[in-house]
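Throughout, protein chains are lettered first and strands after them, A, B, ... in sequence-line order, and every chain is numbered starting at 1. The shown structure was predicted, so the numbers you read here are calculated from the model rather than taken from an experiment.
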Amino acid sequence: MWPQTPEEAVAVQEQLRHLVDTTGPGPTEPQYVAGLDVAYDGDELAAAVVVLHNLQEVDRAVVRGRTTFPYQPGLFAFREIPALLDALEQLRTTPDLLVCDGQGLAHPRRIGLACHLGVLTGLPSIGVGKTAFVGEWAEPGPRRGDASDLLLDGEIVGKVLRTQNKTKPVFVSVGHRLNLATATKHILDLTPHYRLPETTRAADHTCRQALKGTHG
DNA sequence: GCGACAG
DNA sequence: ATCTTGTCGC
């Protein structure tokens with residue numbers, strides 16, 4: 001069953017938050033890293049999962065659908081997860097790591113999209129947000145690799161990471177089955193040229209194109 | 001009470 | 001998320 005109201009959704013989060021695993025180091029050298037993203041046109045949507053191996057695409061899945069849940073800060077996952085799970089099921093490859101568009105532990109109840117998707121799939125996951133959602137932080141240094149802690153109620157819930165020299169930092173937080181240090185390392189490995197991970201760029205491009213495919 | 005608020 | 005091309009700068 002899937003929650004139909006904000007109250008039910010929050011109740012689901014309160015249950016799932018206890019299942020999030022942030023202890024182990026996680027995969028040291030993930031071979032198949034998946035990027036996930038969803039594009040919208042009104043209530044039409046296209047969800048894409050693209051799997052990269054050595055930064056090269058080796059598998060992909062795209063599904064079209066309609067929105068079921070409105071966007072609400074804190075409940076973002078309920079809007080995107082159904083379509084993303086559909087797409088994940090269609091992959092012929094099982095990813096070692098999921099890189100999500102949005103936050104993981106950097107969430108009011110410590111269960112952002114990345115945590116939620118990680119728990120539902122059982123796969124290690126990382127959240128990479130383009131903008132902040134919660135927490136306080138100091139401006140990280142100007143160079144690629146510079147980072148500062150993202151604090152929420154005195155807890156480190158993420159890292160504000162500069163992935164390229166002199167560009168806006170991204171907000172990295174653990175999703176599931178790995179720690180923040182490992183997550184940060186992986187995101188740096190996935191950003192050799194641009195501000196956003198190659199996985200995110202590939203998924204974004206893919207779902208955006210799929211949305212136009214059966215439209216304008 | 002008021003504002004802020006992933007995508 | 002989305003509205004939106006060319007353009008300034010390294």
Base-pair map of DNA chain C as dot-bracket, where | denotes pairing with a different strand and pairs are Watson-Crick or G-U under 3.5 Å: ..........

Approximate separation, where rounding is to 0.5 Å, of A:Lys130 NZ and A:Gln103 CD: 10.0 Å

Polar side chain donor-acceptor pair, A:Glu80 to A:Tyr40, under 3.5 angstrom: yes

Rounded distance in Å - CD (A:Gln72) to P (B:dA4): 18 Å

Aromatic ring pairing A:Trp137/A:Phe171, orientation class (parallel under 30°, perpendicular over 60°, tilted between): perpendicular

Near-parallel close stack of A:Phe171 and B:dA6 base (under 5.5 Å, under 30°): no

For atom CG of A:Asp204 and atom P of C:dA1, their distance in whole Å: 7 Å

Rounded interatomic separation in angstrom, taking NZ from A:Lys159 and P from B:dA6: 22 Å

Sugar-phosphate, base or nothing in reach of A:Ala106, heavy atoms under 4.0 Å: nothing

For atom CZ of A:Phe76 and atom P of C:dT2, their distance in whole Å: 11 Å

C:dG9 phosphate, OP1 or OP2, under 4.0 Å from A:Lys166 side-chain N/O: no

Any side-chain donor near an acceptor of the partner, A:Asp59 and A:Thr93, under 3.5 Å: yes

Under 4.0 angstrom between A:Tyr40 side-chain N/O and C:dT2 OP1 or OP2: no

Protein-nucleotide distance (A:Lys212, atom NZ; C:dT4, atom P), rounded to Å: 12 Å

Touch class at under 4.0 angstrom, heavy-atom based, for A:Leu75 against every strand present: base

Rounded interatomic separation in angstrom, taking CZ from A:Arg66 and P from C:dA1: 21 Å

Side chain of A:Arg79 - closest among B:dG7, B:dA6, C:dT2: B:dG7

A:His18 NE2: over 12 foreign heavy atoms closer than 6.0 Å: yes

Distance in angstrom units between A:Leu84 CG and B:dA6 P, rounded: 18 Å

Touch class at under 4.0 angstrom, heavy-atom based, for A:Gly74 against every strand present: base

A:Tyr194 OH: over 12 foreign heavy atoms closer than 6.0 Å: no

Integer-rounded Å distance: B:dA6 P and A:Arg109 CZ: 14 Å

Flag, side chain of A:Ser125 to backbone of A:Leu98, donor-acceptor distance under 3.5 Å: no

Touch class at under 4.0 angstrom, heavy-atom based, for A:Gly112 against every strand present: base

